[in-house]
There are 2 protein chains.
Amino acid sequence: MSTAANRRRPATIHDVAREAGVSRGTVSRVLNGGHYVSPTAKAAVDAAIRRTGYVVNRHARSLITGKSDSVAFLLTEPQERFFEDPNFNVLLRACTQALAAQDIPLLLMIAGTEDERRRNLRYIEAGHVDGVLLVSSHSGDPVVTRLHEAGVPVVACGKPLGQTAKIGYVAADDRDGARDMVRHLYETGRRRIATVTGPLDTPGGVERLAGYRETLAEYGLPADEALIVQGDYSRAGGESAAARLLESAPDMDAVFVASDLMAQGVLDTLDRAGRRVPEDIAVGGFDDSPAALSSRPPLTTIRQPWDRISTEMVRTLLARIAGEEPAAVILPTELVRRAST
Amino acid sequence: MSTAANRRRPATIHDVAREAGVSRGTVSRVLNGGHYVSPTAKAAVDAAIRRTGYVVNRHARSLITGKSDSVAFLLTEPQERFFEDPNFNVLLRACTQALAAQDIPLLLMIAGTEDERRRNLRYIEAGHVDGVLLVSSHSGDPVVTRLHEAGVPVVACGKPLGQTAKIGYVAADDRDGARDMVRHLYETGRRRIATVTGPLDTPGGVERLAGYRETLAEYGLPADEALIVQGDYSRAGGESAAARLLESAPDMDAVFVASDLMAQGVLDTLDRAGRRVPEDIAVGGFDDSPAALSSRPPLTTIRQPWDRISTEMVRTLLARIAGEEPAAVILPTELVRRAST
DNA sequence: CATGCATCTGTGAGCGTTCACAGTAGAGAA
DNA sequence: TTCTCTACTGTGAACGCTCACAGATGCATG
C-alpha cells in the first residue's frame, strides 16, 4: 500500500472562495497583493485560507501568467572545477537562500557536456524559468550569447569575457584587490614581486594581472616578464608555476598568487626548495577560501564578498526580470593579513 | 528597450498539430511515447515539432497530470556544515546530472532556519515536486516525519535515525568500511587502536563506531573506552579529539578517524606533539575526500562510492514516485591505501 | 455478412489560475 | 435629484495541455 495514497486532494481557490463566501476573483486579488479588496473580505479570505490549508497551484498560475516564478542557476564548466571551489559553494548556498526569501525556487543546472548544454538551453529557452544566474568562467561562452538572443534575463557571476552582448553581471573588484595585495607586499619591503596568474581567458585572471602590472608601474618597479607565469587555479598548477618562477626569477622576494588553491601549491614548492615563508619570500593569495586558513603558514589573501555577490546577483536578476536594463555591479574586496607576508 | 521583447510567442501543441495535419490528440500521443500512433502520423508530427521548435509547456501538462516532473534536493542542516563537505558536492552534482538525464529538473532547497523549513515544507507539501532527495544527518529530524505523513516520496542519503516511519534510503556500508580499516590497521601490526568517532546522532557516526568495536572484538583486543573519543566531523574537532586521546591513551599506535577532515586535525595535533605518522602512529580516515590527498602524509582512507550513491538515490526515488515501495540500498566501500598507515 | 478486436484518430471537457470586463454600491459634486 | 468617481465584487474566457471517449478503419473470425 503506497503511502502516497493518503494524499488528499488539495484545496483550490474555489474551495477557499466558497469557504469565505466570496468569489474566485476576490480570493485571487487577496493572493496578489490585496488591492481593491475590502478589509472584511480580506479577513474572511485569510481565515478561509488558513482553515483549508490552501496553497496556490503554481502550474495553473504560470500557465496563464506565462511566468514560472523560478530561476535557474546555470553552471557551464567543462569539468567539475567549480564544485571543488569553496567559493562556488558559498555562491550557490547564498543564492538559494536569497531566492527562497522571495519564495522563488532555484533550479540547479549543470552544462558540462554538449548534451547537457543542449538540454538545459532547450529548457530555459522554452521559458520554463524566468531568469538565469550564470556561472561561466571561460571566454566566449556560446551559452551566454544563446541566452541573450533568446531574450532570457541573465546575470553573470564575473564579467563575461569576449561578449559583444550586453549582459548584466556582478563581480568582485579583482583589479583593485590585486592592487591592494601588491601594494601590501611593496609596503612590507618587497621589491622583486612575482605573480602566478589565473587562466587568462577568465575575468579574474585578466583583471588580477592588470592590477599587478598597474601597481608595479605605480611604484616605478620594472615590468619584468620573468616574474609572471600563468597558472590554472589548481593546486598542482600552483606547484609547477612556482617551480618555473624559481627558474626564471630566483631572486624574487614575493609572489602574488591569483588564488588560494594555487598559493597552497606554491607554498609546497617553495618549501621543497628550502625557501622560508615569509622570511625569504612572501606569498599572497586571493579568495580567502578555507585553504587560506589551513595552509602553512596561513595565507595573507584577498577576501571576495561572496555573500554580497550572491545577494546582488539575485537582486539584479529580479530587477532584470521586472524589466530593468542590465547593469554591472562591482563589489569591493578586502585584504586579510595573515602569516605568509 | 528590453531585449526580452524579441521573445516570440512559443509554438503550442495546436501549431504543431496544424503543421503536421493531425489533431492535438495525436501530437500529444507522440509526445508521450508514441503508442497508438501510425508511423506516418508520427513522422509528420516529429517533422512539425522540428520545424516549429515546439517545446512542451510543462505548466499546462502539470496542471492536468498533477505531477510536476521535478524533484527537490532538500538539505536540513542547521548550519552550513554540508556545504563545506566535499562529499556533499559530489552528491549534489551527481544527483543533478542523473536527474537531468531523465529531463527532470532539480530544485535546491536549504532548510537551515525554522523559517526556511516552514517555507520549503509548504512548497513540497503543496505537491510542487514529485519527490524529495533528502540530506539530513541528525537524529529525529521532524522534516522526515512531515514529508512521510504528507505522502511525498522521499529517499534519504544515509539511514534516517530515530524514525519510526519507513523511509527509503541509500547509504554506504559504513560499518563494513570501518571494519576494513580497523582490520587493515591490525594487519599492519597495530594493537592499540584508538578511534575518533563522528557525532553519535548521525548514522555514519554510529555505524563506524560499531564496526570499530566489532573488529576489535573479533581480534580479541580489549574494549578500552579510553581509546574512544567523540568528534564532530570538523577539522578543529579532530585536533581537540586527538589531544584528548594523547591524554587518555598515550600508548596508542593507531587511530581510526571517522572522517578525513577530522583526520587532518588529528595529523596536526600529532605533528605538534612530535608523533611521527606512520612510524609512531598510524592514522586512518574515512571518505576519501580531497583532504585525504592533500594532507601530509596522504591519508589511508575508506572511499565512499558517492557517484553510485547519487545515481541510486535518483533511481530509487523515481521508482518510489512510480509507486514502488521504499527500499534501503547499501553500497560497498573501498579501502584506499596511502602513506599514513 | 455480421461480429469482434486491435489499431489509430479527433473532439470536448477540464485541470486551477488570472485577467478583462461588467456591474454594484456609496460618497460627493453639480 | 442626477451624475461622476472610486472602491469593491463577480463572471466568463482564456492559458496549453492530457485524458476519456467516441468513431473510424482494417482484418480475422464466427
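Quantities reported herein were computed from a predicted structural model and do not represent experimental measurements. Residue numbers begin at 1 in each chain, while the letters A, B, ... track the order of the sequences.
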task: State whether a side-chain donor-acceptor pair under 3.5 Å links A/D15 with A/T52.
output: no
message: Salt bridge or not between A/K166 and A/E325? Use side-chain N to carboxylate O under 4.0 Å.
response: no
- request: State whether the distance check finds a donor on one side and an acceptor on the other, under 3.5 Å, for side chain B/R24 versus base D/dT18.
  value: yes
Write out a two-atom table: protein N or O, nucleotide N or O from nucleotides 20-24 of chain C, distance below 3.5 Å.
none

message: What's the closest nucleotide to the side chain of A/P39 if the choices are C/dG16, D/dT9, D/dC8?
response: D/dC8
field: Whole-Å gap separating C1' (D/dG16) and CD1 (B/I49)
entry: 14 Å
task: Counting heavy atoms from C-beta on, name the nucleotide in D/dT9, D/dA14, D/dC17 closest to the side chain of A/A41.
output: D/dT9
statement: Heavy atoms of B/K159 and B/A171 approach each other most closely as N-CB, 4.3 Å
- prompt: Considering only side-chain heavy atoms of B/T12, which listed nucleotide, D/dG10, D/dC17, C/dT17, is closest?
  reply: D/dC17
field: Any B/T65 side-chain N or O less than 4.0 Å from OP1/OP2 of D/dT18
entry: no
task: Return the orientation label for the B/H59 and A/H128 ring planes: parallel under 30°, perpendicular over 60°, tilted otherwise.
output: perpendicular
- request: Check every atom of D/dG16, C/dT17, D/dT18 against the side chain of A/R61 and return the nucleotide holding the closest atom.
  value: C/dT17
Can you name the atoms? Protein N/O to nucleotides 26-28 of chain D N/O, anything below 3.5 Å, with the distance.
none

Phosphate OP1/OP2 of C/dG10 contacted by B/T26 side-chain N/O (<4.0 Å): yes
- prompt: Is any side-chain nitrogen or oxygen of A/S28 closer than 4.0 Å to OP1 or OP2 of C/dT18?
  reply: yes
query: Is it true that B/E114 and B/R117 have a side-chain N and a carboxylate O under 4.0 angstrom from each other?
result: yes
Electrostatic pair A/R58-A/D69, nearest N-O below 4.0 angstrom: no
message: Among D/dC8, C/dT18, C/dC8, which nucleotide has an atom closest to any side-chain atom of A/Y36?
response: D/dC8
message: Using side-chain heavy atoms (C-beta onward) and a distance below 4.5 Å, is B/H148 in contact with B/V144?
response: no
query: Does a side-chain N-to-carboxylate-O contact under 4.0 Å join A/E312 and A/R315?
result: yes
Whole-Å distance separating the CG atom of B/L63 from the P atom of D/dC17: 12 Å
query: If you find the nucleotide of DNA chain C closest to B/H35 and the one closest to A/N32, which residue's nucleotide is nearer the 5' end?
result: B/H35
query: salt bridge (Lys or Arg N to Asp or Glu O under 4.0 Å): which pairs involve residues 31-45 of chain A, sequence neighbours left out?
result: A/K42-A/D46
